[in-house]
Engineer: 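Could you have a look at this structure, given as structure tokens, before my questions?
Below, all heavy atoms of this structure are taken into account, side chains as well, without hydrogens, waters or symmetry copies. Numbered from 1 within each chain, the chains take letters A, B, ... in sequence-line order.
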2 protein chains.
Amino acid sequence: MGTGMDDPAAAKPTLRDVALAAGVHIATASRALSGSKTRPVNPRTAAAVRQAAAKIGYVPDQVARSLRTHRTRAIGVLIPDMSNPVMPPLVSGAEQVLAQHGYTTLFADTDNDHAAETQRLAAFLSWRAAGLILATARRDQPLAPEVVNSGVPLVLMSRKLDATPVPSATIDESVGIAQALDYLISLGHRRIAYIGVPTWTSAGYERLMAFREITRDRGLDLPPDFAVVCEGYAERDGEAALTALLARPDRPTAVLSGNDMMALGCYDAIRRAELRCPADVSVVGYNDMPLTHRVDPPLTTVRVPYFDLGRQAATLLVEVLNDRGSMNRSVRLTPRLLVRNSTAPASA
Amino acid sequence: MGTGMDDPAAAKPTLRDVALAAGVHIATASRALSGSKTRPVNPRTAAAVRQAAAKIGYVPDQVARSLRTHRTRAIGVLIPDMSNPVMPPLVSGAEQVLAQHGYTTLFADTDNDHAAETQRLAAFLSWRAAGLILATARRDQPLAPEVVNSGVPLVLMSRKLDATPVPSATIDESVGIAQALDYLISLGHRRIAYIGVPTWTSAGYERLMAFREITRDRGLDLPPDFAVVCEGYAERDGEAALTALLARPDRPTAVLSGNDMMALGCYDAIRRAELRCPADVSVVGYNDMPLTHRVDPPLTTVRVPYFDLGRQAATLLVEVLNDRGSMNRSVRLTPRLLVRNSTAPASA
DNA sequence: TTGAAAGCGATACCAG
DNA sequence: CTGGTATCGCTTTCAA
């Protein structure tokens, strides 16, 4: 522990120092610098104060300011798992907008662990975060009661809740699924399978629902078990699921996958069944993660604007923060099918 | 602006409420909860206080605490560009360790923009961050003077500075380069090219230097322009560089690339030159980004433990924070060559 | 071992 | 338009 608590270099200048240097009262200095709307300051005095502040290198203390005003300019961003390639752009997009509005981003990765989530939320709350952006929501799980009770404004990012109406920035999954399906149908495919991501996220659930609805709508009349939901998000999950399907006599001629990793697992299943992609089986992925254009064959997939989604989530939150009365606006962004070479006309 | 400042739901319980509920003085409550070393508290009283705190759902206010103690438990993490696949694991690793030690992570992505960097650093400083983890360092650029003057402890992550000795967590690039080169040499390659990332990061610079040194060491006697440094990090940079090299009569039979993206660009150059990888030209990448095992051919590359590197950076910083007197310890992690199928014995 | 009181740095009321 | 002053929630010195 050593000597105690003295900073080695600099005792940071405080507002008092600025006031002293400018020859005004500390209260005046405060008003001059924070541009108080209600209390006007003489332009000349204000200029002098600003000059003095600049000269001595004054930086306002957010901590002190927050204590006094009960409003921090910090937003907590909670992420379930950064190794999921959709997460980094979400975080960056949010951070960019938050910074533009003068907010600092508190970041945490829960690694899909409930205890970690509780701990991180408590930390955000103990920092009196002005708002929260959550990418961790599970469809059927209510929000953590501490969060609800705290009354902190929050926005859900990329996922939302079944029951609770909370502002959210999400993707219109049905558009993505529809585009993929219609493209496959236009290629002559009728027996199309869906190898899905887990449905405890709203995104996963909506993809499954959209698949069922749209295939019915288009009159495809698929066996119910052509839509399978996997336990995980990995290549092997996709591989296992498609392997089972390819063993059937009425095997699918095309597969729509809930994400790109599993789509690549489908490649393996196809190869192991001694079939070829796309000649025998077409594959469509979802998300357009990096390098999907370089796999063999280049993956046809649904490109999702995650960076933008992060920006929108932050924008929504800033709106709520600026106007507490505003309703629960949500935004929904549209993905777009990206045709590459893992899809081809139906052969059979 | 409406009514003013009242929280809709809950006036959060403060230490005073805890003290009241436990029937003790606020100072006693403080000591009981923060386990003051110097001022012992009667175990029975302490228990009562803790119980009261739990009962009314007290969460200490970090803001007030920080103001009082002049020590926040917040660490700023500055990232140059989250779309670089090495960054997310760095951030997660750091956040994990920081959270374990009770620190909250302030996150910012500068997008390689100097103005953004200045702004974000100022924000971290105005939050009185207890420390900084920087992944933005450029080899030849001194640290921002505000940072230096602030005296805030900092650690460099994945990159370091030429001149200034600052604690850092980095990779031993020479080991990665040596492993790659020795493997290629063992395959019979003599004419090995290096298609490098920019050298304004220490990592990029050290990779180049290691290439030069080790090839000389092994007696390869390469033309100097077999080591080329690209302007960017993209596939097209690698493609352009290798295209030029393949046009030479003494073209290389193997290429070591400064990152995976550029290695994939090399694939394109090889194909355009109507050669094959690995039959005619072997390629080795660097970083082992996701999906490099699925490209065609699967990329032999140097796997770098970035998540761990993030953990180490945070660990280093926590050490410094716990013991201000500690020397500038740095850590250096070791990468490991991952052999896949983009490398083969030299044909010529 | 506990109570009393000062004060971190800023804002926002109140007078003047 | 500007000066004085209370105060946010907490820690910590000083007394008791």
Engineer: Taking the side chain from B:His101 and the backbone from B:Tyr103, do they hold a donor-acceptor pair closer than 3.5 Å?
Structural biologist: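 Pair absent, no side-chain N/O of B:His101 close to backbone of B:Tyr103.
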
Engineer: Can you list every side-chain hydrogen bond (donor to acceptor under 3.5 Å, both in side chains) pair that touches residues 45-57 of chain A, not counting sequence neighbours?
Structural biologist: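 For residues 45-57 of chain A, and leaving out neighbouring residues, there are no side-chain hydrogen bond (donor to acceptor under 3.5 Å, both in side chains) pairs at all.
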
Engineer: Do B:Val147 and B:Val152 make a side-chain contact, defined as non-hydrogen atoms from C-beta onward lying under 4.5 Å apart?
Structural biologist: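 No, their side chains stay 4.5 Å or more apart.
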
Engineer: Whole angstroms only, please: what is the CG-C1' distance between B:Leu20 and D:dC10?
Structural biologist: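 After rounding, the reported distance stands at 16 Å.
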
Engineer: With 3.5 Å as the limit, what N/O pairs link the protein to nucleotides 13-16 of chain D?
Structural biologist:
| unit_1 | atom_1 | unit_2 | atom_2 | d |
| --- | --- | --- | --- | --- |
| D:dT13 | O4 | B:Arg31 | NH1 | 3.3 |

Engineer: The criterion is salt bridge (Lys or Arg N to Asp or Glu O under 4.0 Å); which residues satisfy it with A:Arg65, sequence neighbours excluded?
Structural biologist: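 Checked A:Arg65 against salt bridge (Lys or Arg N to Asp or Glu O under 4.0 Å); zero matches.
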
Engineer: Keeping the roles fixed (side chain from A:Thr72, backbone from A:Ala130), state whether a donor-acceptor pair exists under 3.5 Å.
Structural biologist: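 Yes, because the side chain of A:Thr72 sits within donor-acceptor range (under 3.5 Å) of the backbone of A:Ala130.
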
Engineer: Evaluate the side-chain proximity of B:Pro167 to B:Arg329: yes if any heavy-atom separation is below 4.5 Å, no if none is.
Structural biologist: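 SC-SC contact between B:Arg329 and B:Pro167 ruled out.
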
Engineer: Would you please classify the geometry between the A:Phe107 ring and the B:Phe107 ring as parallel, tilted or perpendicular, with 30° and 60° separating the classes?
Structural biologist: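 Judged by the thresholds at 30° and 60°, the geometry between B:Phe107 and A:Phe107 is tilted.
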
Engineer: Within the structure provided, determine whether A:Leu121 and A:Leu132 are in side-chain contact (heavy-atom separation under 4.5 Å).
Structural biologist: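 Side chain of A:Leu121 against side chain of A:Leu132, heavy atoms only: contact under 4.5 Å found.
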
Engineer: Need one value for A:Thr45: base, sugar-phosphate or nothing, where a base atom within 4.0 Å counts as base even if backbone is also close, heavy atoms only.
Structural biologist: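 Contact class for A:Thr45: sugar-phosphate only.
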
Engineer: Is any side-chain nitrogen or oxygen of A:Ser30 closer than 4.0 Å to OP1 or OP2 of C:dA10?
Structural biologist: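 False: A:Ser30 side-chain N/O out of range (4.0 Å or more) of C:dA10 OP1/OP2.
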
Engineer: Just the rounded figure in Å: distance from P of D:dT5 to NE2 of A:His25.
Structural biologist: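 Taking atom P of D:dT5 as the reference, NE2 of A:His25 is at 8 Å.
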
Engineer: Does A:Thr14 offer a backbone N or O that forms a donor-acceptor pair with the side chain of A:Asp17 under 3.5 Å?
Structural biologist: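 Answer holds: yes.
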
Engineer: Out of C:dT11, D:dG3, C:dG3, which has the shortest distance to the side chain of A:Ile26?
Structural biologist: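 My answer, after comparing the listed nucleotides, is C:dT11.
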
Engineer: Show me the protein contacts with nucleotides 6-9 of chain C, counting only N or O atoms at under 3.5 Å.
Structural biologist:
| unit_1 | atom_1 | unit_2 | atom_2 | d |
| --- | --- | --- | --- | --- |
| C:dG7 | N2 | B:Arg68 | NH1 | 3.2 |
| C:dC8 | O3' | B:His70 | NE2 | 2.8 |
| C:dC8 | O2 | B:Arg68 | N | 3.4 |
| C:dG9 | N2 | A:Ala64 | O | 3.3 |

Engineer: For the helix from C:dT1-D:dA16 to C:dG16-D:dC1, what angle lies between the axis at the first five pairs and the axis at the last five pairs, to 10 degrees?
Structural biologist: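 Computed from the C1' atoms at both ends, the axes differ by 40°.
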
Engineer: Taking only residues two or more places apart in sequence or in another chain, which ones pass side chain to side chain contact (heavy atoms under 4.5 Å, CB included) with B:Ser168?
Structural biologist: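 Side chain to side chain contact (heavy atoms under 4.5 Å, CB included) check on B:Ser168 returns B:Leu156, B:Lys160, B:Thr170, B:Ser330.
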
Engineer: Are A:Gln62 and A:Arg73 linked by a side-chain donor-acceptor pair shorter than 3.5 Å?
Structural biologist: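 A:Gln62 vs A:Arg73: no donor-acceptor pair found between side chains.
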
Engineer: In whole Å, I'd like the distance from the CG atom of B:Asn42 to the P atom of C:dG3.
Structural biologist: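 Rounded to the whole Å, the gap is 11 Å.
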
